[in-house]
Amino acid sequence: MQLDPLGDWRKTLHTTDVNPQLDGEVITLLGWVKEIRDLGAIEFIILQDRKGTVQITIPKKKVNKKVLEKASFLQLQYCIGVKGSVKKTDMAQRGFEVIPDEIRILGIAQHPLPLDITGKTSAGIDTRLNARVLDLCKENNRATWNIQHETLAAFRRFLSQRGFVEVFTPRIIATATEGGAALFSVDYFDREAYLAQSPQLYKEELTLCFEKVFEIGPFFRAEESHTRRHLSEFISIDIEQAFATADDVMKILEQTIHYVCETLSKNCREELKVLKHEVDIPKLPLKRFTYTEILDELKREGIDIPWGEDIPTPAFRTLGELHPYFYFITEWPTESKPFYIKPLSSRPEVSEGFDLMWKWMELVSGGTRVHSKSLLMKRLEEQGLNPESFKHHLQVFDYGLPPHAGWAAGLERVLMMLTGKKNIREVVLFPRDRTRLTP
RNA sequence: GCCCUGGUAGUAUAGUACGGUCUAGUAUAAGCGGCUGUCGCCCGCUCGACCCGGGUUCAAAUCCCGGCCAGGGCGCCA
């Protein structure tokens, strides 16, 4: 089929901006065919754009032949332009309809489509991800990404107001930034390099010149995780602050979370309604439990974890039932935290690291950082890392590195909390995991 | 990496316990026809599928073995 040119047609209004008061006005709508209901002498076409839908009504005996001919070609998901007049009527759901004077076919779609766009037959997550952009047209997904947009804006606004400067650190790095998570290697000219798993060391270094920094960006972990809450590529929201301790940045964190939840429940009412989800605005301060208290609580539930060991996922699920909201877990064993987390000077087996939990899921991780060079070197060795590969980082300690603390939040997990989605892939446009590399 | 479950038209599913009218059912999508007020329109007709390979058997969608893929859980990790 020969496509029509866009020509000088431009959208005069979004579908949601049309209303009965525009009765008689000629408008141009650009969007996609979502439904076709042909009743014989009258045909209804539901046109969708990024905002919503509008009904195009074609009384076949009244419209011109060209409109009739174009209308006969239309199929679901065709990209079209409609120039026509608004007609006030009680027979249409929104109190008006649009009678076309001209239809332009701007893009065609194959049939059958890889998934049902009408929502009558829901597809599985694998099918949906394989045809992701088509899947993203659905109202539910548009709502999710409006929420993501508002969430990111809220984080940026709040942190900026608190004096944090937005920075970008390298994605391509020479050595591991932390122990723990595995790295993807990349061919960097004739050398081996890695994709960054976190901005950790860079953001710490930047406290020396900017004092308060934040970064929002993608990071990479080559873990063979097979869960609903892990990704190979995820977005991290990081802050780091000079002259601060874990306690200080926990306060910043709970205020940030409060602000984000408040902003969302105010600015995304429609989206949350679409998702059938509510965002509770947490009361501050958030509850704080020490690791030891959590272990005691689990013991009362019949789950016995020796002090010093990590809390396994099933135990976290139990905790989530006991605490179905936000709560901090503080004073983790030093051994279970990365080398840069500061041990308590009074009890070095306990660290100043904390996690912010939402129900059973870890949303944010942070802590006071080690800022003594000798202690950091000792901690590196204790964790089986070679101080030599951290020499550029260690050098910064000789330039007057301030005491500092910070945290990192997983954006996707925050979005799971805000949207009620149960699988992290639902809140990522094009997720990357152990098996998925396309689209 | 380990464990569990599954793989049937474009999509989503029924059928698989106990092999045999399964010539594989249904919904939706798609094609054709009809219908002037639909809004999950409706009505009629049509198209379209048992993941791959091997085995058992007179007979396999169904049982067995191997592979691939997917979903979920665990571990790792955040």
Side-chain angles (χ1 to χ4, degrees), chain A residues 34-48 53-63 72 75-77 87 89-95 97 99 109-131 134-135 177-183 197-200 218-238 309-317 332 336-338 353-358 360-366 407-414 416 422-425 433-436:
Chain A
K34 269 312 129 165
E35 289 173 49
I36 301 171
R37 288 190 284 271
D38 187 350
L39 274 64
I42 190 164
E43 182 172 356
F44 303 99
I45 291 166
I46 305 302
L47 181 87
Q48 176 180 288
T53 59
V54 98
Q55 175 171 293
I56 311 294
T57 302
I58 305 171
K60 292 188 188 169
K61 284 175 186 157
K62 291 180 190 162
V63 298
S72 72
Q75 290 187 298
L76 290 188
Q77 197 53 33
K87 187 183 159 199
T89 169
D90 290 335
M91 288 185 287
Q93 275 182 344
R94 286 177 57 203
E97 59 195 10
I99 314 292
Q110 287 185 335
H111 280 280
L113 291 161
L115 44 83
D116 177 12
I117 59 162
T118 68
K120 292 170 192 164
T121 312
S122 59
I125 185 83
D126 189 50
T127 305
R128 289 172 44 210
L129 291 176
N130 283 334
L134 203 52
D135 180 52
T177 47
E178 313 176 21
L183 297 165
Q197 63 182 176
S198 125
Q200 185 61 36
F219 290 95
F220 309 89
R221 308 249 166 123
E223 298 296 337
E224 305 232 16
S225 302
H226 189 91
T227 76
R228 288 182 295 171
R229 64 188 190 285
H230 288 91
L231 293 164
S232 303
E233 178 175 357
F234 70 103
I235 307 288
S236 185
I237 302 172
D238 274 85
E309 290 201 0
D310 267 330
I311 299 168
T313 306
F316 272 125
R317 288 185 196 270
W332 285 83
S336 72
K337 285 286 171 188
F354 65 85
D355 286 349
L356 176 66
M357 307 296 298
W358 183 70
W360 64 281
M361 198 165 57
E362 184 191 329
L363 278 192
V364 186
S365 189
W407 46 255
L411 172 67
E412 294 86 352
R413 290 187 181 180
V414 171
M416 285 170 80
K422 299 281 191 285
N423 187 325
I424 201 163
R425 292 159 186 80
D433 59 35
R434 175 66 187 85
T435 54
R436 182 172 286 279

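Note on naming: letters A, B, ... go to the chains in the order of the sequence lines (proteins, then strands), and numbering restarts at 1 for each one. Keep in mind that this is a model prediction, so the values were computed, not measured.
- Phe219(A) comes within 4.0 angstrom of no nucleic acid atom, judged by non-hydrogen atoms across all strands.
- Straight-line distance between the P atoms of rG15(B) and rC51(B): roughly 15 Å, to the nearest whole Å.
- Residue contacts for Gln110(A): at a heavy-atom cut-off of 4.0 Å it reaches no nucleic acid atom on any strand shown.
- Judged by distance alone, the side chain of Lys60(A) and the main-chain N or O of Glu43(A) form no donor-acceptor pair under 3.5 Å.
- When the P atom is compared between rU23(B) and rC45(B), the two are found 22 Å apart, to the nearest whole Å.
- Between the side chain of Asp135(A) and the main chain of Ala131(A), no donor-acceptor pair closer than 3.5 Å is present.
- In this structure, Lys120(A) does not reach the rU13(B) phosphate: none of its side-chain N or O atoms is under 4.0 Å from OP1 or OP2.
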- Full working for side chain to side chain contact (heavy atoms under 4.5 Å, CB included) between Lys34(A) and Ile117(A): CA-CA 7 Å; Lys34(A) 269 312 129 165; Ile117(A) 59 162; 3.8 Å; yes
- Task: List the steps and the verdict of side chain to side chain contact (heavy atoms under 4.5 Å, CB included) for Arg221(A) and Ser198(A).
- Result: CA-CA 9 Å; Arg221(A) 308 249 166 123; Ser198(A) 125; 3.8 Å; yes
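- Counting distance only, with no hydrogens placed and no angle test, the side-chain atoms of Gln55(A) and the base atoms of rU38(B) include a donor-acceptor pair under 3.5 Å.
- For rU57(B), there is no paired base (Watson-Crick or G-U wobble, both distances below 3.5 Å).
- For rA17(B), the base is syn relative to its sugar; the glycosidic angle is within 90° of 0.
- Nucleic acid contact class of Ser225(A) (heavy atoms, under 4.0 Å, all strands): base.
- Leu76(A) places its CG atom 10 Å from the C1' atom of rA30(B), with the value rounded to the nearest Å.
- Figure legend. rG25(B) is base-paired to rU13(B); pairs are counted as Watson-Crick or G-U wobble with both atom distances under 3.5 Å.
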- Task: Under the side chain to side chain contact (heavy atoms under 4.5 Å, CB included) rule, what do Ile46(A) and Arg37(A) come out as? Steps first, then yes or no, please.
- Result: CA-CA 8 Å; Ile46(A) 305 302; Arg37(A) 288 190 284 271; 3.6 Å; yes
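- Ala92(A) comes within contact range of at least one nucleobase, with a heavy-atom separation under 4.0 Å.
- The partner of rG71(B), taking Watson-Crick or G-U wobble pairs whose two distances both stay under 3.5 Å, is rC4(B).
- Within the nucleic acid shown, Leu231(A) comes within 4.0 Å of at least one base atom, counting heavy atoms only.
- Comparing rA60(B) with rC52(B), their C1' atoms sit 16 Å apart, to the nearest whole Å.
- A 3.5 Å limit on both hydrogen-bonding distances identifies rC32(B) as the Watson-Crick or G-U partner of rG44(B).
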Short N/O separations, protein against nucleotides 70-73 of chain B, under 3.5 angstrom:
| from | atom 1 | to | atom 2 | distance (Å) |
| --- | --- | --- | --- | --- |
| rG72(B) | OP1 | Asn423(A) | ND2 | 2.9 |
| rG72(B) | N7 | His226(A) | NE2 | 3.2 |
| rG73(B) | OP1 | Arg228(A) | NE | 2.6 |
| rG73(B) | OP1 | Arg228(A) | NH2 | 2.5 |
| rG73(B) | OP2 | Arg228(A) | NE | 3.3 |

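- Salt bridge status for Asp355(A) with Lys337(A): present, with a side-chain N to carboxylate O gap under 4.0 Å.
- Separation of the P atoms belonging to rG75(B) and rA14(B) is 31 Å when rounded to the nearest angstrom.
- Look at CD on Glu309(A): it is 16 Å from C1' on rC77(B), rounded to the nearest Å.
- With distances taken from any side-chain atom of Ile42(A) to the nucleotides rA29(B), rC39(B), rG37(B), the minimum falls on rG37(B).
- Closest approach to the Asp116(A) side chain among rA29(B), rC76(B), rC41(B) is made by rA29(B) (side chain taken as heavy atoms from C-beta onward).
- With His230(A) contributing its side chain and Arg434(A) its backbone, the two residues share no donor-acceptor pair below 3.5 Å.
- Interface remark: the Glu224(A) side chain does not form any donor-acceptor pair with the rG75(B) base, using a distance-only criterion of under 3.5 Å.
- Taking every side-chain heavy atom of Lys61(A) into account, rU36(B) is the closest of rU36(B), rG75(B), rG10(B).
- Remark on RNA chain B: of its neighbouring residues Ala41(A) and Ser232(A), the 5'-side contact belongs to Ala41(A), judged by nearest-heavy-atom nucleotide.
- Comparing rC22(B) with rU16(B), their C1' atoms are spaced 12 Å from each other, to the whole Å.
- Nucleic acid contact for Pro59(A): none, since no nucleic acid atom lies under 4.0 Å from a heavy atom of the residue.
- Nucleic acid contact class of Asp355(A) (heavy atoms, under 4.0 Å, all strands): none.
- When the P atom is compared between rA17(B) and rG72(B), the two are found 28 Å apart, to the nearest whole Å.
- A straight line from CG of Leu115(A) to P of rU28(B) spans 17 Å, rounded to a whole angstrom.
- Nucleotide rG19(B): unpaired (no Watson-Crick or G-U wobble partner with both distances less than 3.5 Å).
- Listed nucleotides: rA12(B), rC77(B), rG37(B). Nearest to the side chain of Thr121(A): rA12(B).
- Spacing between rA29(B) and rC65(B) at atom P, rounded to whole Å, works out to 41 Å.
- One finds no side-chain N or O of Arg37(A) lying less than 4.0 angstrom from the OP1 or OP2 phosphate oxygen of rU38(B).
- Looking at heavy-atom distances under 4.0 Å, Lys60(A) makes no contact with the nucleic acid at all.
- In this structure, the side chain of Glu412(A) does not engage the main chain of Arg425(A) through any donor-acceptor pair within 3.5 Å.
- Counting to the nearest Å, the P atom of rC41(B) and the CD atom of Gln93(A) are 10 Å from each other.
- The backbone N or O of Phe219(A) lies less than 3.5 Å from no partner atom in the side chain of Gln197(A), so there is not a single donor-acceptor pair.
- Rounded to a whole Å, the CZ atom of Phe44(A) is 12 Å from the C1' atom of rC35(B).
- Taking atom P in both rG67(B) and rC50(B), one finds a spacing of 23 Å when rounded to whole Å.
- Straight-line distance from the CD atom of Glu43(A) to the P atom of rC42(B): 16 Å, rounded to whole Å.
- Gly124(A) comes within contact range of the sugar-phosphate backbone alone, with a heavy-atom separation under 4.0 Å but no base atom that close.
- rU38(B) is unpaired under the Watson-Crick or G-U wobble criterion, no partner having all donor-acceptor distances under 3.5 Å.
- The one candidate from Leu39(A), Ile56(A), Asp38(A) that meets the side chain to side chain contact (heavy atoms under 4.5 Å, CB included) condition with Phe44(A) is Leu39(A).
- If you measure from atom CG of Leu47(A) to atom P of rU38(B), you get 21 Å, rounded to the nearest angstrom.
- Atom pair His111(A):NE2 and rU11(B):C1' shows a separation of 13 Å (rounding to whole Å applied).
- Distances were taken from every side-chain heavy atom of Pro312(A) (C-beta onward) to each of rC41(B), rA12(B), rG75(B); the shortest belongs to rG75(B).
- Not a single donor-acceptor pair under 3.5 Å links the side chain of Arg94(A) to the backbone N or O of Gln55(A).
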